[in-house]
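Beneath this line is the structure, given in C-alpha cells, with notes to follow.
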Amino acid sequence: MDDAPHRPRPTWQHGGVTAATHSPLFPGVPETADAVLDGLDPEQREVALALRGPVCVLAGAGTGKTRAITHRIAYGVRSGVLPPASVLAVTFTNRAAGEMRGRLRQLGAGGVQARTFHSAALRQLQFFWPKAIGGPLPRLVERKAPLVAEAAARCRLRLDRNELRDVTSEIEWAKVTQTVPADYPAAVARARREAPRDPAETGKLYAMYEQLKGERSVIDFEDVLLLTVGILQDRPDIAEQVRRQYQHFVVDEYQDVSPLQQRLLEQWLGDRDSLCVVGDASQTIYSFTGATPDHLLDFRVRHPHATVVKLVRDYRSTPQVVHLANGLLDQASGRAADHRLELVSQRERGPEPVYTEYADEPAEAEGTARRVRDLIAAGVPAGEIAVLYRINAQSEVYEQALADAGVPYQLRGAERYFERQEVREAIAALRGAARFGANDSILDGAEDLPAQTRAVLSGHGWSTRPPAGSGAVRDRWESLAALARLADDFAAARPGATLADLIAELDERTAAQHAPTVQGVTLASLHAAKGLEWDAVFLVGLTDGMMPITYAKTDEQIEEERRLLYVGVTRARVHLTLSWALSRSPGGRPGRVPSRFLKGLRPGSGSRTAGYGATGGGIERGGDRGPAAATARRRPRGPVRCRVCGTTLTEAGAMKLLRCEDCPSDMDEGLYERLHAWRDRRARELGQPAYCVFTEKTLMAIAERVPATRGELVVIAGVGARKLDRFGADVLALCAGEEPGHEGAEDEEDV
C-alpha cells in the first residue's frame, strides 16, 4: 500500500503526529479530530476536509491515496460528521480492506466497515435472503472449475486444464458484464474480445453451467453480487433498510469497478450523493475481468458539482523512477491517457534505472539472480526486492536461478498468513504462555518479549537457523520467523510490552488480515504486484510478444499492456532494473527485440532523454563477461531438443533435464541417492539451504547424464562455472563411484 512510515516527508509536512496530539489512553491514536489532519500534504488535507457531497480523488501511484481516504474517514468520524456505523469503505482485495481497517483503528475510527464488494454483498445477502426469498441461502461454491468441467462433459466437450481455466474466466467475464449465455457470442464481438474458444460453443457451456448450479442449489461469487442487486431492486423495503444503515460510501481503486459492481453501488446509494471515489485511469489493468475506467472518467458527468482533487506528489519513488514512469505515459494514447497524471517525486535523487540485454532467458534469470544477491549483500533486505514478469509461466526459470544463487524467495499468491496451520498453532501456544505467565516452564530464563516469543516458537519448528531445502519445512520456518520479527518490532515500538499485549495485537491483525512480512525476494506477475511496493524491482522478459503480450491485438489492448508496465515501474522505490533476452534458449536465434514501450526511454532508442537529467549511459549487455558467459559459451547452439523423443523443449525444467517431463528417465538411481546425501551433508556443513548447493532438478540431470569430465558437467543447466569450481571435484568423484574429497574452492560466502 501507500506511504510507509519510513518514507521521507517534505519540509511542509509534520512527519507524523507529535506526542502531545495523541491520546494518553490509546498511544498512537490522535487525541482530537484536528490532530488527524497533522502530517497531510495540502492535497491530501483537501481530500480529508471534503466530507459533503460527491468527491472524486484522482490519485497517482505512490501519492498516498490510502492515507488520504483513511484520514478523511477518520476526520469525519472524529469530528462527528460521519457516524462510524453509517460508513462503508469498499475496496477490491481482502488485504487492502484489512489494511484499511487497521489504519482506521489506529486513527480512532474503528467502527467503520471496510470490506470488498463481495464480502459486503454476501453479508447483506445472508441477512436478507430468508426475508426476501425464504429458506436458507444456497451454498456458495468457492471453485467454479469442477462445475465447469462437468458442464463441459454434459456438452460432450473435452477440456484440458488450461482450456478449463480459460472457459471459467470467460464465464466470470460474462457475469460481471451482466451478459446472459444466449447473448455471450454477440457480447464478445461487441467488445472485440479474443475468445479462447468458439463463442457459440462457450455460450452453450455457460448455459449448462448455470443449469447445473440450479440443480445443485449452489451459487458462485458473481451470483452474490447479482442476487444482492436483484433483491435491492425488487424489494424497496429492504433497499431502504440498507440505505438507512449505510449513508456514506468510499470506493478505492474505482478504475477497476465492473458494470455489475457499479450497479450494486448505485443500489446502495439510491438517490443520495455521499460518495467518495479514488482511482487512477493509468492503472486500469483488469479489463479482461470486466473492469473499466469509464465510471471514474465519467464521474464528473454524473456528478457535475463533485469536488475533484488530484494527488500527484509521489512519496514512493525517486525522481529517476518517476521520470521513467511519466515517460511511459507520455507515449500513451486513448481515453485513459487523456486523463493521465504527471507525477512529481518528493524523494531525494537515486540511481538511474538499469537496462540490461541478455543473450537468452536462462542468462537473464542468472544475471537477475546475481544482481539480487549483490543488492542483498549491499544491505537491501530480501523482502524489499521483487522480480516481476508478465505471466506466471515465467517464474520457474527465476525460481531456479534464485535457488542456485542461494537467495530465498516467495511466490506471490500463497495461502493467507493467519490461516496457515503453523501460524494458528503458534498463536495458540503464545496465548497459553501468556495465560500461565511465570508459571510456564517454557519461559524460564526468557526475560523480554522477543525472548519469550522465541522460546514458545522453538517448540513449534522455529530455530535460530533456517532449515535446509525450500519445501514445506522451510515455508513453516519462514511463517514462524515472521512472528518472531513481529515480536521484535512490537517490543521496539512498545517498550515493556508483555505476551498478553502481543496476543492482543495478533488478534487485531488476524481480524484485519494484516500479516507480517515473510522475508524473501518476491516473485510475482505484474498483475499480482498491483498495490505493492519494494525498494528494488526487476522487470524481466520485456520483449515484444511478452510486453505487450502477443495476443494484445487492438489499440485498447496494447495500451492496457503499457499501463501494466507503468504499474510495474511504479512499484519501485529506489532501484529499478529492466531486462530482456534476445532468444528463449541458449544458442537460439536472437530474433527478439526489446519492448516497443521502451523506445525513446532506454538509451540509444530515440530522442527522449533516457534518464532523469541523464546525458549519456547505455544498455548493459548481460552474460558477455564472467562465469555465466563461460557457461553460456559451452552450451550447445540451436533449439534444445528432448534426448528421448526429439521434441523441441520450451519449459525450463525440461530444458534442464534435456527431456520432456513425461519421457522415461534413464537416471542412475544409486548415483542420485549418493548425490542427494552428499548435497544435504554439504549444505549442513556450509549452513545453507540444500538448494543453494544444487536443486533437485540439477541432481536429477547429473544422475541421468553421469558426466565424466568438467566440460560435460558444466553444460548441465544449474551447474555453471562458479559451482563447477566449488563442487565439481566432489560431483565427478561421485559419478565415478568414488568418495568425494572436498577439493573445490572453499569460499563459503560465494555459495
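Put simply, CG on Leu58 and CG on Leu296 are 5.5 Å apart, with the number rounded to the nearest 0.5 Å.
Met547 places a side-chain heavy atom less than 4.5 Å from the side chain of Leu564. Counting heavy atoms from C-beta outward, Trp580 and Arg602 have side chains that approach closer than 4.5 Å. Using a 4.5 Å cut-off on side-chain heavy atoms (C-beta onward), Leu205 and Leu159 make contact. Using a 4.5 Å heavy-atom threshold, the side chains of Thr356 and Arg371 count as touching. Using a 4.5 Å heavy-atom cutoff, the side chains of Phe538 and Ile385 are in contact. Considering only heavy atoms from C-beta on, Val521 stays 4.5 Å or farther from Tyr398 through its side chain. Counting heavy atoms from C-beta outward, Leu724 and Leu713 have side chains that approach closer than 4.5 Å.
Between Thr284 and Gln255, the side chains place no donor N or O within less than 3.5 Å of an acceptor N or O (distance only, hydrogens not considered). A donor atom on one side chain and an acceptor atom on the other are found under 3.5 Å apart for Glu170 and Tyr184.
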| query | For Lys175 and Glu172, what are the C-alpha separation, side-chain angles and deciding distance, and is it a salt bridge (charged side-chain N to carboxylate O under 4.0 Å, His left out)? | reply | CA-CA 5 Å; Lys175 299 187 76 164; Glu172 291 173 350; over 6 Å; no
| message | If you apply the rule salt bridge (charged side-chain N to carboxylate O under 4.0 Å, His left out), what do you find for Glu556 with Arg335, and how did you get there? | response | CA-CA 9 Å; Glu556 293 84 356; Arg335 194 172 183 216; over 6 Å; no
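Across all non-hydrogen atoms, the minimal contact from Val321 to Val574 is CG2-O, 3.9 Å. When every heavy atom of Val397 is checked against every heavy atom of Glu361, the shortest pair comes out as CG2-O, 4.4 Å. Taking every heavy atom of both residues into account, Ala572 and Ser317 meet most closely at O-OG, 2.6 Å.
In summary, Glu712 and Arg705 do not engage in a salt bridge, as defined by a charged side-chain N under 4.0 Å from a carboxylate O. We find that Asp404 and Arg373 are not joined by a salt bridge, their nearest charged nitrogen and carboxylate oxygen being 4.0 Å or further apart. Electrostatic pairing of Arg592 and Glu357 does not count as a salt bridge here, judged by no charged N lying under 4.0 Å from a carboxylate O.
Applying the side-chain contact (heavy atoms from CB on, under 4.5 Å) criterion to Ile558, with sequence neighbours excluded, gives Ala552, Arg596, Phe597. For His527, the ring pair (Phe, Tyr, Trp, His ring centres under 6.0 Å) partners are Tyr286, Phe288, not counting sequence neighbours. Looking at residues two or more places apart in sequence or on another chain, you find no salt bridge (Lys or Arg N to Asp or Glu O under 4.0 Å) involving Arg589. Under the salt bridge (Lys or Arg N to Asp or Glu O under 4.0 Å) criterion, Glu201 pairs with Arg197, sequence neighbours left out. Residues forming a side-chain contact (heavy atoms from CB on, under 4.5 Å) with Thr93 (at least two apart in sequence, or on another chain): Arg95, Ala96. Residues that satisfy the side-chain contact (heavy atoms from CB on, under 4.5 Å) test with Ser333, not counting sequence neighbours, are Glu559.
Between the side chain of Glu533 and the backbone N or O of Arg573 there is no donor-acceptor pair closer than 3.5 Å. Although no hydrogens or angles enter the test, the distance criterion places no donor-acceptor pair under 3.5 Å between the side chain of Gln346 and the main chain of Tyr315. At least one donor-acceptor pair closer than 3.5 Å links the side chain of Asn326 to the backbone N or O of Leu343.
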